[in-house]
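Proteins get letters first, then strands, A, B, ... in listed order; numbering begins at 1 in each. Since the model is a prediction, treat every value here as computed from it, not as a measurement. For the numbers below, each heavy atom of this structure counts, side chains included, while hydrogens, waters and symmetry mates do not.
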Number of protein chains: 2
Amino acid sequence: MNIGQAAEASGVSAKMIRYYESIELVPRADRRESGYREYGVTDLHRLGFIRHARDLGFSLERIKVLLGLWSDPGRSNADVKAIARAHIRELEGRARQLNEMADALRSLADACDGDGRPDCPIIASLETGANVPACHAGDAPAAPEPPVPRRKLRARH
Amino acid sequence: MNIGQAAEASGVSAKMIRYYESIELVPRADRRESGYREYGVTDLHRLGFIRHARDLGFSLERIKVLLGLWSDPGRSNADVKAIARAHIRELEGRARQLNEMADALRSLADACDGDGRPDCPIIASLETGANVPACHAGDAPAAPEPPVPRRKLRARH
DNA sequence: CCTGCACCTTCCCATCATGGCAGAGTCAAC
DNA sequence: GTTGACTCTGCCATGATGGGAAGGTGCAGG
(Lines give C-alpha, C1' and ligand atoms only; values in the text may rest on other atoms or scores of the structure.)
Protein backbone atom coordinates (compact mmCIF):
# COMPACT_ATOMS: atom_id res chain seq x y z
CA MET A 1 0.00 0.00 0.00
CA ASN A 2 1.00 3.61 -0.57
CA ILE A 3 2.05 6.05 2.09
CA GLY A 4 -1.39 7.66 2.19
CA GLN A 5 -3.12 4.40 3.00
CA ALA A 6 -0.44 3.55 5.52
CA ALA A 7 -0.94 6.93 7.11
CA GLU A 8 -4.66 6.48 7.42
CA ALA A 9 -4.38 2.94 8.65
CA SER A 10 -1.72 3.72 11.24
CA GLY A 11 -2.84 7.13 12.35
CA VAL A 12 0.56 8.59 11.55
CA SER A 13 0.55 11.33 8.94
CA ALA A 14 2.39 10.74 5.67
CA LYS A 15 4.53 13.71 6.51
CA MET A 16 5.61 12.10 9.75
CA ILE A 17 6.16 8.70 8.18
CA ARG A 18 8.65 10.28 5.79
CA TYR A 19 10.22 12.16 8.65
CA TYR A 20 10.56 9.01 10.75
CA GLU A 21 12.28 7.39 7.81
CA SER A 22 14.63 10.33 7.39
CA ILE A 23 15.76 10.20 11.01
CA GLU A 24 16.03 6.42 10.75
CA LEU A 25 13.40 5.73 13.35
CA VAL A 26 11.94 3.30 10.84
CA PRO A 27 13.86 1.51 8.08
CA ARG A 28 13.77 2.90 4.58
CA ALA A 29 10.54 1.73 3.00
CA ASP A 30 10.54 -0.46 -0.09
CA ARG A 31 10.10 1.51 -3.25
CA ARG A 32 8.26 0.76 -6.43
CA GLU A 33 9.87 1.60 -9.76
CA SER A 34 8.25 4.99 -9.66
CA GLY A 35 9.88 5.77 -6.34
CA TYR A 36 6.59 5.42 -4.46
CA ARG A 37 7.00 3.94 -0.99
CA GLU A 38 5.35 0.57 -0.50
CA TYR A 39 4.07 -0.52 2.91
CA GLY A 40 3.05 -3.90 4.27
CA VAL A 41 1.50 -5.15 7.46
CA THR A 42 4.83 -5.23 9.26
CA ASP A 43 5.36 -1.57 8.52
CA LEU A 44 1.85 -0.74 9.66
CA HIS A 45 2.45 -2.63 12.85
CA ARG A 46 5.59 -0.63 13.53
CA LEU A 47 3.92 2.66 12.74
CA GLY A 48 1.09 1.74 15.08
CA PHE A 49 3.60 0.99 17.80
CA ILE A 50 5.19 4.37 17.29
CA ARG A 51 1.86 6.11 17.35
CA HIS A 52 0.84 4.50 20.60
CA ALA A 53 4.17 5.40 22.14
CA ARG A 54 3.69 8.99 20.99
CA ASP A 55 0.23 8.93 22.52
CA LEU A 56 1.92 8.09 25.79
CA GLY A 57 4.20 11.08 25.34
CA PHE A 58 7.42 9.22 24.58
CA SER A 59 9.99 11.19 22.64
CA LEU A 60 11.13 9.82 19.32
CA GLU A 61 14.53 9.26 20.85
CA ARG A 62 13.08 6.97 23.49
CA ILE A 63 10.78 5.32 20.98
CA LYS A 64 13.86 4.35 19.05
CA VAL A 65 15.05 2.44 22.11
CA LEU A 66 11.62 0.92 22.65
CA LEU A 67 11.53 -0.26 19.04
CA GLY A 68 14.88 -1.91 19.58
CA LEU A 69 13.60 -3.71 22.66
CA TRP A 70 10.42 -4.62 20.86
CA SER A 71 12.27 -6.38 18.08
CA ASP A 72 14.68 -8.03 20.46
CA PRO A 73 13.34 -11.46 21.39
CA GLY A 74 15.85 -11.69 24.23
CA ARG A 75 14.84 -8.35 25.77
CA SER A 76 14.38 -7.89 29.47
CA ASN A 77 11.07 -6.47 30.60
CA ALA A 78 13.08 -4.79 33.35
CA ASP A 79 14.66 -2.57 30.69
CA VAL A 80 11.27 -1.64 29.32
CA LYS A 81 9.94 -0.97 32.77
CA ALA A 82 12.90 1.24 33.61
CA ILE A 83 12.31 3.36 30.53
CA ALA A 84 8.63 3.55 31.32
CA ARG A 85 9.30 4.63 34.88
CA ALA A 86 11.76 7.28 33.84
CA HIS A 87 9.15 8.57 31.45
CA ILE A 88 6.47 8.52 34.11
CA ARG A 89 8.67 10.65 36.33
CA GLU A 90 9.15 13.12 33.49
CA LEU A 91 5.44 13.29 32.78
CA GLU A 92 4.67 13.78 36.44
CA GLY A 93 7.28 16.49 36.71
CA ARG A 94 5.93 18.38 33.76
CA ALA A 95 2.37 17.97 34.98
CA ARG A 96 3.34 19.17 38.42
CA GLN A 97 4.97 22.25 36.95
CA LEU A 98 1.89 23.05 34.90
CA ASN A 99 -0.33 22.53 37.90
CA GLU A 100 1.80 24.79 40.01
CA MET A 101 1.46 27.50 37.41
CA ALA A 102 -2.26 26.93 37.15
CA ASP A 103 -2.69 26.98 40.91
CA ALA A 104 -0.70 30.16 41.29
CA LEU A 105 -2.57 31.85 38.50
CA ARG A 106 -5.89 30.64 39.80
CA SER A 107 -5.30 32.17 43.17
CA LEU A 108 -4.29 35.41 41.51
CA ALA A 109 -7.34 35.35 39.32
CA ASP A 110 -9.55 34.62 42.30
CA ALA A 111 -8.15 37.71 43.98
CA CYS A 112 -9.05 39.82 40.96
CA ASP A 113 -12.46 41.42 41.04
CA GLY A 114 -12.74 41.65 37.30
CA ASP A 115 -15.10 44.55 37.75
CA GLY A 116 -13.64 46.73 35.03
CA ARG A 117 -11.36 48.88 37.16
CA PRO A 118 -7.64 49.00 36.46
CA ASP A 119 -6.65 47.54 39.83
CA CYS A 120 -5.48 44.02 39.25
CA PRO A 121 -3.63 41.67 41.57
CA ILE A 122 -2.60 39.58 38.57
CA ILE A 123 -0.76 42.48 36.99
CA ALA A 124 0.60 43.46 40.37
CA SER A 125 2.06 40.01 40.94
CA LEU A 126 3.63 39.98 37.51
CA GLU A 127 5.30 43.23 38.41
CA THR A 128 6.68 42.11 41.74
CA GLY A 129 6.91 38.37 41.23
CA ALA A 130 5.00 37.78 44.44
CA ASN A 131 3.15 34.46 44.43
CA VAL A 132 4.70 33.59 41.11
CA PRO A 133 6.38 30.18 41.26
CA ALA A 134 10.00 30.72 40.25
CA CYS A 135 10.55 28.55 37.23
CA HIS A 136 12.98 25.72 38.06
CA ALA A 137 13.69 27.11 41.49
CA GLY A 138 14.40 24.17 43.69
CA ASP A 139 15.84 22.10 40.88
CA ALA A 140 19.35 23.13 41.81
CA PRO A 141 19.31 23.31 45.62
CA ALA A 142 22.73 24.89 45.82
CA ALA A 143 24.39 26.60 42.89
CA PRO A 144 27.68 24.79 42.17
CA GLU A 145 29.36 28.17 41.87
CA PRO A 146 32.90 27.66 40.51
CA PRO A 147 35.41 28.17 43.36
CA VAL A 148 36.96 31.54 42.67
CA PRO A 149 35.37 33.53 39.84
CA ARG A 150 38.04 36.12 40.18
CA ARG A 151 37.20 38.99 37.97
CA LYS A 152 33.85 37.87 36.71
CA LEU A 153 30.91 40.22 36.60
CA ARG A 154 32.68 43.46 37.12
CA ALA A 155 30.51 46.24 38.48
CA ARG A 156 29.98 48.78 35.79
CA HIS A 157 27.92 51.94 35.92
CA MET B 1 23.75 49.18 32.79
CA ASN B 2 24.83 46.72 30.14
CA ILE B 3 22.81 43.81 28.90
CA GLY B 4 24.73 41.36 31.07
CA GLN B 5 23.86 43.17 34.25
CA ALA B 6 20.30 43.59 33.08
CA ALA B 7 20.16 39.88 32.42
CA GLU B 8 21.44 38.98 35.85
CA ALA B 9 19.22 41.48 37.57
CA SER B 10 16.08 40.48 35.73
CA GLY B 11 16.65 36.77 35.42
CA VAL B 12 16.24 36.95 31.65
CA SER B 13 19.25 35.85 29.65
CA ALA B 14 21.02 38.40 27.45
CA LYS B 15 20.20 36.22 24.49
CA MET B 16 16.54 36.40 25.28
CA ILE B 17 16.60 40.13 25.94
CA ARG B 18 17.98 40.66 22.44
CA TYR B 19 15.40 38.26 21.07
CA TYR B 20 12.54 40.04 22.84
CA GLU B 21 13.79 43.25 21.32
CA SER B 22 13.94 41.69 17.86
CA ILE B 23 10.34 40.51 18.02
CA GLU B 24 9.32 43.86 19.46
CA LEU B 25 8.12 42.44 22.72
CA VAL B 26 10.19 45.17 24.35
CA PRO B 27 11.11 48.51 22.78
CA ARG B 28 14.52 48.92 21.22
CA ALA B 29 16.99 49.61 24.01
CA ASP B 30 18.94 52.85 24.15
CA ARG B 31 22.40 52.52 22.69
CA ARG B 32 25.69 54.00 23.69
CA GLU B 33 28.02 55.27 21.01
CA SER B 34 29.65 51.89 20.82
CA GLY B 35 26.35 50.24 20.06
CA TYR B 36 26.11 48.68 23.50
CA ARG B 37 22.57 48.47 24.81
CA GLU B 38 21.91 50.57 27.89
CA TYR B 39 19.29 49.55 30.45
CA GLY B 40 17.61 51.45 33.24
CA VAL B 41 15.24 50.56 36.04
CA THR B 42 12.20 50.84 33.79
CA ASP B 43 13.66 48.27 31.45
CA LEU B 44 14.53 46.00 34.34
CA HIS B 45 11.02 46.31 35.62
CA ARG B 46 9.61 45.31 32.27
CA LEU B 47 12.00 42.39 31.93
CA GLY B 48 11.03 41.21 35.39
CA PHE B 49 7.38 41.37 34.40
CA ILE B 50 8.07 39.28 31.36
CA ARG B 51 10.04 36.77 33.36
CA HIS B 52 7.28 36.34 35.91
CA ALA B 53 4.76 35.90 33.14
CA ARG B 54 6.98 33.28 31.55
CA ASP B 55 7.24 31.57 34.92
CA LEU B 56 3.48 31.31 34.85
CA GLY B 57 3.70 29.70 31.42
CA PHE B 58 2.34 32.57 29.35
CA SER B 59 3.40 32.58 25.72
CA LEU B 60 5.29 35.60 24.45
CA GLU B 61 2.31 36.40 22.29
CA ARG B 62 0.07 36.68 25.29
CA ILE B 63 2.73 38.49 27.28
CA LYS B 64 2.70 41.13 24.58
CA VAL B 65 -0.97 41.68 25.34
CA LEU B 66 -0.33 41.68 29.09
CA LEU B 67 2.39 44.27 28.67
CA GLY B 68 -0.04 46.41 26.76
CA LEU B 69 -2.58 46.16 29.56
CA TRP B 70 0.10 46.76 32.14
CA SER B 71 1.09 50.06 30.60
CA ASP B 72 -2.49 51.10 30.00
CA PRO B 73 -3.69 53.16 32.96
CA GLY B 74 -7.26 52.80 31.75
CA ARG B 75 -7.13 49.02 31.53
CA SER B 76 -9.91 46.82 32.76
CA ASN B 77 -8.96 44.09 35.21
CA ALA B 78 -11.69 42.06 33.54
CA ASP B 79 -9.50 41.87 30.44
CA VAL B 80 -6.56 40.69 32.46
CA LYS B 81 -8.68 38.16 34.27
CA ALA B 82 -10.07 36.83 31.00
CA ILE B 83 -6.57 36.26 29.65
CA ALA B 84 -5.53 34.61 32.88
CA ARG B 85 -8.52 32.32 32.87
CA ALA B 86 -7.97 31.30 29.28
CA HIS B 87 -4.42 30.51 30.19
CA ILE B 88 -5.47 28.54 33.26
CA ARG B 89 -7.70 26.41 31.07
CA GLU B 90 -4.80 25.75 28.74
CA LEU B 91 -2.49 24.82 31.58
CA GLU B 92 -5.09 22.53 33.08
CA GLY B 93 -5.70 20.89 29.74
CA ARG B 94 -2.05 20.23 29.18
CA ALA B 95 -1.60 18.97 32.73
CA ARG B 96 -4.58 16.71 32.37
CA GLN B 97 -3.18 15.25 29.19
CA LEU B 98 0.16 14.57 30.85
CA ASN B 99 -1.54 13.02 33.83
CA GLU B 100 -3.61 10.77 31.60
CA MET B 101 -0.46 9.57 29.93
CA ALA B 102 1.26 9.06 33.25
CA ASP B 103 -1.73 7.18 34.67
CA ALA B 104 -1.97 4.92 31.67
CA LEU B 105 1.72 4.22 31.67
CA ARG B 106 1.76 3.67 35.40
CA SER B 107 -0.88 1.00 35.19
CA LEU B 108 1.03 -0.66 32.39
CA ALA B 109 4.25 -0.51 34.36
CA ASP B 110 2.49 -1.91 37.42
CA ALA B 111 1.40 -4.86 35.33
CA CYS B 112 4.96 -5.51 34.25
CA ASP B 113 6.92 -7.91 36.43
CA GLY B 114 10.26 -6.46 35.50
CA ASP B 115 11.82 -9.80 36.32
CA GLY B 116 14.11 -9.97 33.32
CA ARG B 117 11.96 -12.06 31.04
CA PRO B 118 10.93 -10.75 27.62
CA ASP B 119 7.19 -10.76 28.41
CA CYS B 120 6.09 -7.22 28.86
CA PRO B 121 2.60 -5.76 29.03
CA ILE B 122 4.02 -2.34 28.24
CA ILE B 123 5.42 -3.50 24.92
CA ALA B 124 2.25 -5.48 24.30
CA SER B 125 0.08 -2.43 24.79
CA LEU B 126 2.24 -0.35 22.50
CA GLU B 127 1.72 -3.03 19.86
CA THR B 128 -2.02 -3.19 20.17
CA GLY B 129 -2.85 0.24 21.52
CA ALA B 130 -4.85 -1.31 24.34
CA ASN B 131 -5.02 0.94 27.40
CA VAL B 132 -3.20 3.66 25.51
CA PRO B 133 -5.13 6.94 25.66
CA ALA B 134 -5.75 7.98 22.09
CA CYS B 135 -4.16 11.38 21.72
CA HIS B 136 -6.83 14.05 21.17
CA ALA B 137 -9.57 11.50 20.90
CA GLY B 138 -12.71 13.16 22.14
CA ASP B 139 -11.61 16.61 21.07
CA ALA B 140 -13.68 16.41 17.91
CA PRO B 141 -16.85 14.63 18.99
CA ALA B 142 -18.11 14.16 15.47
CA ALA B 143 -15.92 14.47 12.40
CA PRO B 144 -17.35 17.22 10.18
CA GLU B 145 -16.78 14.95 7.18
CA PRO B 146 -17.38 16.98 3.99
CA PRO B 147 -20.74 15.92 2.51
CA VAL B 148 -19.79 13.91 -0.56
CA PRO B 149 -16.08 13.13 -0.92
CA ARG B 150 -16.76 11.65 -4.30
CA ARG B 151 -13.59 10.18 -5.60
CA LYS B 152 -11.42 10.71 -2.58
CA LEU B 153 -9.28 7.94 -1.17
CA ARG B 154 -9.55 5.49 -3.97
CA ALA B 155 -8.82 1.92 -3.00
CA ARG B 156 -5.56 0.87 -4.54
CA HIS B 157 -3.72 -2.41 -4.38
C1' DC C 1 -5.59 7.67 -26.28
C1' DC C 2 -6.02 11.86 -23.63
C1' DT C 3 -7.29 14.48 -19.81
C1' DG C 4 -8.00 15.34 -15.20
C1' DC C 5 -7.31 14.54 -10.61
C1' DA C 6 -5.77 12.34 -6.57
C1' DC C 7 -1.72 10.94 -5.08
C1' DC C 8 3.30 10.60 -4.71
C1' DT C 9 8.23 12.52 -4.69
C1' DT C 10 11.84 15.85 -2.78
C1' DC C 11 13.08 20.16 -0.81
C1' DC C 12 12.46 24.24 1.75
C1' DC C 13 10.28 27.08 5.31
C1' DA C 14 7.71 27.98 9.74
C1' DT C 15 6.54 27.15 14.34
C1' DC C 16 8.20 28.37 19.89
C1' DA C 17 11.58 29.72 23.10
C1' DT C 18 15.98 28.97 23.86
C1' DG C 19 21.04 27.95 23.55
C1' DG C 20 25.48 27.92 21.12
C1' DC C 21 29.10 29.50 18.26
C1' DA C 22 31.99 32.60 15.36
C1' DG C 23 34.07 36.79 14.13
C1' DA C 24 34.68 41.32 15.30
C1' DG C 25 34.47 45.34 18.26
C1' DT C 26 34.49 47.67 23.21
C1' DC C 27 35.59 48.60 27.90
C1' DA C 28 38.11 48.86 31.89
C1' DA C 29 41.66 47.17 35.07
C1' DC C 30 46.41 46.40 35.57
C1' DG D 1 49.32 48.45 25.88
C1' DT D 2 47.89 44.14 27.05
C1' DT D 3 44.51 41.28 28.70
C1' DG D 4 40.28 39.36 29.42
C1' DA D 5 35.52 40.02 30.27
C1' DC D 6 31.96 41.72 27.86
C1' DT D 7 29.08 43.08 23.74
C1' DC D 8 27.67 43.28 18.92
C1' DT D 9 25.42 40.80 14.81
C1' DG D 10 24.27 36.84 12.42
C1' DC D 11 23.64 32.09 11.64
C1' DC D 12 22.48 27.35 13.09
C1' DA D 13 20.21 23.90 16.15
C1' DT D 14 16.71 21.91 18.95
C1' DG D 15 11.60 18.54 18.62
C1' DA D 16 7.76 17.24 16.33
C1' DT D 17 4.83 18.81 13.26
C1' DG D 18 2.47 21.33 9.42
C1' DG D 19 2.41 23.87 4.97
C1' DG D 20 3.52 24.50 0.41
C1' DA D 21 5.88 24.46 -4.22
C1' DA D 22 7.45 22.10 -8.28
C1' DG D 23 7.30 18.13 -10.66
C1' DG D 24 6.32 12.96 -11.48
C1' DT D 25 2.78 8.75 -11.23
C1' DG D 26 -1.42 6.04 -11.48
C1' DC D 27 -5.85 5.35 -12.73
C1' DA D 28 -10.76 6.22 -14.21
C1' DG D 29 -13.81 8.28 -17.28
C1' DG D 30 -14.62 10.29 -21.61
Side-chain angles (χ1 to χ4, degrees), chain A residues 1-26 28-39 47 50-51 53-64 87 90 94 97 135-136 146 148-157, chain B residues 1-26 28-39 47 50-51 53-64 87 90 94 97 135-136 146 148-157:
Chain A
M1 77 207 292
N2 285 344
I3 197 172
Q5 267 98 44
E8 209 191 358
S10 67
V12 178
S13 76
K15 213 65 187 179
M16 279 302 100
I17 296 178
R18 294 195 195 97
Y19 175 61
Y20 293 165
E21 185 179 315
S22 81
I23 62 170
E24 293 181 296
L25 182 65
V26 299
R28 180 177 164 82
D30 289 342
R31 305 299 180 114
R32 318 210 336 233
E33 279 188 8
S34 60
Y36 279 27
R37 288 170 180 82
E38 178 70 33
Y39 295 91
L47 289 171
I50 293 172
R51 172 151 151 67
R54 293 291 301 131
D55 286 347
L56 285 172
F58 284 101
S59 71
L60 297 184
E61 202 52 50
R62 255 201 257 260
I63 293 176
K64 196 175 285 192
H87 186 54
E90 277 183 27
R94 282 197 274 155
Q97 232 175 68
C135 181
H136 297 150
V148 183
R150 260 164 312 192
R151 258 181 73 227
K152 282 182 181 175
L153 291 173
R154 290 168 302 175
R156 282 199 212 157
H157 287 253
Chain B
M1 66 200 312
N2 285 344
I3 198 171
Q5 267 98 42
E8 210 190 357
S10 67
V12 178
S13 75
K15 206 72 184 170
M16 280 302 100
I17 296 178
R18 294 195 195 97
Y19 174 61
Y20 293 164
E21 183 180 317
S22 81
I23 63 169
E24 295 182 292
L25 182 65
V26 301
R28 181 177 164 84
D30 288 343
R31 306 296 181 115
R32 321 223 315 246
E33 279 188 7
S34 60
Y36 278 27
R37 288 170 181 80
E38 179 69 32
Y39 294 91
L47 289 171
I50 292 173
R51 172 151 150 67
R54 292 290 301 131
D55 285 347
L56 285 172
F58 283 101
S59 71
L60 297 184
E61 201 52 50
R62 256 200 258 259
I63 292 176
K64 195 174 286 191
H87 186 53
E90 276 182 28
R94 282 196 274 156
Q97 231 174 67
C135 180
H136 297 150
V148 183
R150 260 165 310 189
R151 259 180 73 228
K152 282 182 182 174
L153 292 173
R154 289 169 304 175
R156 282 201 213 160
H157 286 251

- [ ] Verify salt bridge (Lys or Arg N to Asp or Glu O under 4.0 Å) between E21(B) and R37(B), making sure each step is shown before the conclusion.
- [x] CA-CA 11 Å; E21(B) 183 180 317; R37(B) 288 170 181 80; 3.0 Å; yes
Open item on the list: So, OP1 or OP2 of dT7(D): does either fall under 4.0 Å of a side-chain N or O from R37(B)?
Closed with: no
Task: Qualifying residues under side chain to side chain contact (heavy atoms under 4.5 Å, CB included), relative to S22(A), sequence neighbours excluded - done: Y19(A)
TODO: Check whether any side-chain nitrogen or oxygen of S34(B) sits under 4.0 Å from OP1 or OP2 of dC27(C), and answer yes or no.
DONE: yes
Open item on the list: I'd like to know if the side chain of E38(B) and the backbone of M1(B) have a donor-acceptor N/O pair within less than 3.5 Å.
Closed with: yes
Task: Between C1' of dC27(C) and CD of E38(B), the distance in whole Å - done: 13 Å
Open item on the list: Is R31(B) close enough to dT9(D) that one of its side-chain N or O atoms is under 4.0 Å from OP1 or OP2 there?
Closed with: yes
Open item on the list: If the cut-off is 4.0 Å, is R32(B) near the phosphate of dC6(D), judged by side-chain N/O to OP1 or OP2?
Closed with: no
Open item on the list: If the condition is salt bridge (charged side-chain N to carboxylate O under 4.0 Å, His left out), which residues does R62(B) pass it with, not counting sequence neighbours?
Closed with: E90(B)
Open item on the list: Expected output is a numbered-order residue list: members of residues 10-22 of chain A with a heavy atom under 4.0 Å from any atom of DNA chain C. What is it?
Closed with: K15(A), R18(A)
- [ ] Apply salt bridge (charged side-chain N to carboxylate O under 4.0 Å, His left out) to R94(A) and list each qualifying residue two or more places apart in sequence or on a separate chain.
- [x] none
Open item on the list: Quick check: any donor-acceptor pair below 3.5 Å linking the side-chain of Y36(B) to the base of dC8(D)?
Closed with: no
Open item on the list: On DNA chain C, compare the nucleotides closest to I23(B) and E33(B); which residue's is nearer the 5' end?
Closed with: I23(B)
TODO: Would you confirm whether R51(A), through its side chain, and D55(A), through its main-chain N or O, come within 3.5 Å as a donor-acceptor pair?
DONE: no
Open item on the list: List the residues meeting side chain to side chain donor-acceptor pair (under 3.5 Å) with R28(A), not counting sequence neighbours, and say none if there are none.
Closed with: none
Task: For DNA chain C, the dot-bracket pattern of Watson-Crick and G-U pairs whose distances stay under 3.5 Å, | for other-strand partners - done: ||||||||||||||||||||||||||||||
Open item on the list: For a quick test of reading the model, state the closest non-hydrogen atom pair linking I17(B) to S10(B) and the distance between them.
Closed with: CD1-OG, 4.4 Å
